[in-house]
Number of protein chains: 2
Amino acid sequence: MRSLLTGVQAQKASNVLADRLREGILTGALAEGAPLPNERALADMSGVSRASVREALRLLEVEGLVRTRSGRGGGSVPHLPGADMLERSIRLFTRGQRVRFGALLETRSAIEPQLARLAALNRTEEDLARLAQIQARFEDDSVGVSAWTHMNVDWHLAVVVASRNELLIGIWKAVSSLMHEATGLEEPYNLPEVRVAVRRVHRRILDAIQKGDGEAAARRMARHLDAYVAHIKPQAPPDLEV
Amino acid sequence: MRSLLTGVQAQKASNVLADRLREGILTGALAEGAPLPNERALADMSGVSRASVREALRLLEVEGLVRTRSGRGGGSVPHLPGADMLERSIRLFTRGQRVRFGALLETRSAIEPQLARLAALNRTEEDLARLAQIQARFEDDSVGVSAWTHMNVDWHLAVVVASRNELLIGIWKAVSSLMHEATGLEEPYNLPEVRVAVRRVHRRILDAIQKGDGEAAARRMARHLDAYVAHIKPQAPPDLEV
DNA sequence: CAATTATTAAAGGTCAGACCTTTATTGACT
DNA sequence: AGTCAATAAAGGTCTGACCTTTAATAATTG
């Protein structure tokens, strides 16, 4: 008797509505960009109060599934969750779990070589063109350390994007963003010999990507990251938290 | 003149309150498990209405930072976001971005060898004991395919947990959970020769982990996953979406 | 006529207060 | 002691008013 009735648990109205809207958005029934009815109309249509409608919309907003704007012409529009949402939740996870800075390094070292491998296998001509263009910008040695670091980020991002694996790309973006926050972008790119070495290894990695040699791309990227870790690790105390 | 006034943007009351509570929880000022004041009290204390308090709590709930229960003795208690939260958001991301099933396989293949390497370096005696215990259960060949699959999941989870990298562990859990949903756990563990092969490679991986040989552990795990991919890939249409 | 400025309307944001539902505790009655 | 009813404490919901933000429109003016 008891077991028959467990699990019925009256769902909260806002959750029920949020579930429906979420499914609609994820399946595409509610097209991205096409505004939802306003809150009062949703309340009338769904038979729940406006307060509950608002809670449902708030759930979806936090999940990255709608964007809400005030004022005339505002409202809630469906939006597919992207890398920014992933970054937010990975940030919360790392802060909440007190994840070590070293764990971020390990994560990046785990995935970026694979991203390089996939880039070698899946890159398009446009990818190669963009990579070549970014690589060319490295030749200018007159730029400051900040600009150089940004170029470096752009280079890695371009490689990563060429992999065509959206999930790994999203994770990579989140992790490297957290890393850059933690290091304050204070990377060792002021030393001329470091710049020369980075330029050379970047060239070799691109070479492998261009030739479609996934193994070489992965191997070289792994070594490149090991060198980076060797540079950065001594500066960060072992128990640094993000 | 214009530029002086941009960015002031009156924050919503619920967001301000949520931000404060979030910081309190993440910094530990609001201890996990110690219940927050009830909604009416929070409203009085913060000077905003109960509706706004509720919205703030709802934000935090979706972020996995509080758990809320109804009824007497209920209320909202702080809670540090864990792997379950990460899994929810990775699930939303994969569905929203229409991530291919193959991308999940690639992600797992990217991180699990590194997890095995870290396990070899960081495993404790307890980890080894648990792994040995799980390995022993594999010797019993009479179990059904479902039980065998569960054992297999347990084995991989135990390896992964031994790595002591909470971020990679969280990502691994999320990805493998999504994979199992997509495949419906219909894995090829009914064939005796597959079972023998899996048992053997598991043994060799554990061997490397026990010896602290990270390279071997990573290499063997990578091969093991390649074999798994080779088994599973033909069954899944290339454009299968999660 | 064109540029600016006021007005209005449409939406979300907030509030107050009542009432409902769920759940744990307490107490009364076997 | 065990069961069942009453109570209390919390979240959940509803209503309806009002405030604030923002875009569109109308009025004004150089």
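Predicted model, so just to flag it, every value in this text is computed and none were measured. Both backbone and side-chain heavy atoms feed into the values below; hydrogens, waters and symmetry mates do not. So that the names make sense, note that chain A is the first sequence line, chain B the second, and so on, each numbered from 1.
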>> Could you check, using the six-membered ring where one of them is a Trp, whether His180(B) and His150(B) have ring centers closer than 6.0 angstrom?
In response: no
>> Classify Arg69(A) by what it touches in the nucleic acid, base, sugar-phosphate, or nothing, heavy-atom distance under 4.0 Å.
In response: sugar-phosphate
> Would you say the base of dG12(C) and the side-chain of Arg58(A) have a donor-acceptor pair closer than 3.5 Å?
Replying inline: no
>> Suppose we call a contact any N or O donor and acceptor under 3.5 Å apart; does that hold for the side chain of Arg40(A) and the base of dG16(D)?
In response: no
> When you check the gap from the basic side-chain N to the acidic O, do Glu61(B) and Arg67(B) get nearer than 4.0 Å?
Replying inline: no
> Which of the following nucleotides, dT7(D), dG13(C), dG12(D), is nearest to the side chain of Arg72(B)?
Replying inline: dT7(D)
>> In this structure, how many angstroms lie between the P atom of dG12(D) and the CG atom of Leu59(A), rounded?
In response: 11 Å
>> Counting the atoms with a prime plus P, OP1 and OP2 as sugar-phosphate, which does Gly75(A) contact under 4.0 Å by heavy atoms, base, sugar-phosphate, or nothing?
In response: sugar-phosphate
> Reckon Ser49(B) has a side-chain N or O less than 4.0 Å from the OP1 or OP2 of dC15(C)?
Replying inline: yes
>> Within 45 degrees of the ring normal and closer than 6.0 Å to the centroid, is that where the cationic atom of Arg88(B) sits relative to Phe93(B)?
In response: no
> Choosing from dG13(C), dG12(D), dT14(C), which nucleotide comes nearest the side chain of Ser52(B)?
Replying inline: dT14(C)
> Taking atom OG of Ser177(B) and atom CG of Asp84(B), what is their separation to the nearest 0.5 Å?
Replying inline: 11.0 Å
> Which whole-number value in Å describes the distance from Glu55(B) CD to dT14(C) C1'?
Replying inline: 9 Å
> How long is the line joining CD of Gln11(A) and P of dT22(C), in whole Å?
Replying inline: 12 Å
> With respect to the side chain of Val48(A), which nucleotide from dC14(D), dT22(D), dA17(D) is positioned closest?
Replying inline: dC14(D)
> Do any side-chain nitrogens or oxygens of Ser14(A) fall under 4.0 Å of OP1 or OP2 in dG12(D)?
Replying inline: no
>> Tell me the interatomic distance from Asn38(B), atom CG, to dT21(C), atom P, rounded to whole angstroms.
In response: 21 Å
>> How many whole angstroms separate atom CZ of Arg50(B) from atom P of dG13(C)?
In response: 20 Å
> Atom CZ of Arg54(B) and atom C1' of dA16(C): how far apart are they, to the nearest Å?
Replying inline: 15 Å
>> If the test is side chain to side chain contact (heavy atoms under 4.5 Å, CB included), which one of Leu36(B), Leu65(B), Leu17(B) qualifies with Leu57(B)?
In response: Leu36(B)
>> Whole angstroms only, please: what is the CG-P distance between Leu42(B) and dC15(C)?
In response: 14 Å
> Could you state the CD-P distance from Glu39(A) to dG16(D), rounded to the nearest angstrom?
Replying inline: 17 Å
> Where the side chain of Lys12(A) is defined as all heavy atoms beyond and including C-beta, which of dA11(C), dG12(D), dT14(C) is the nearest nucleotide?
Replying inline: dG12(D)
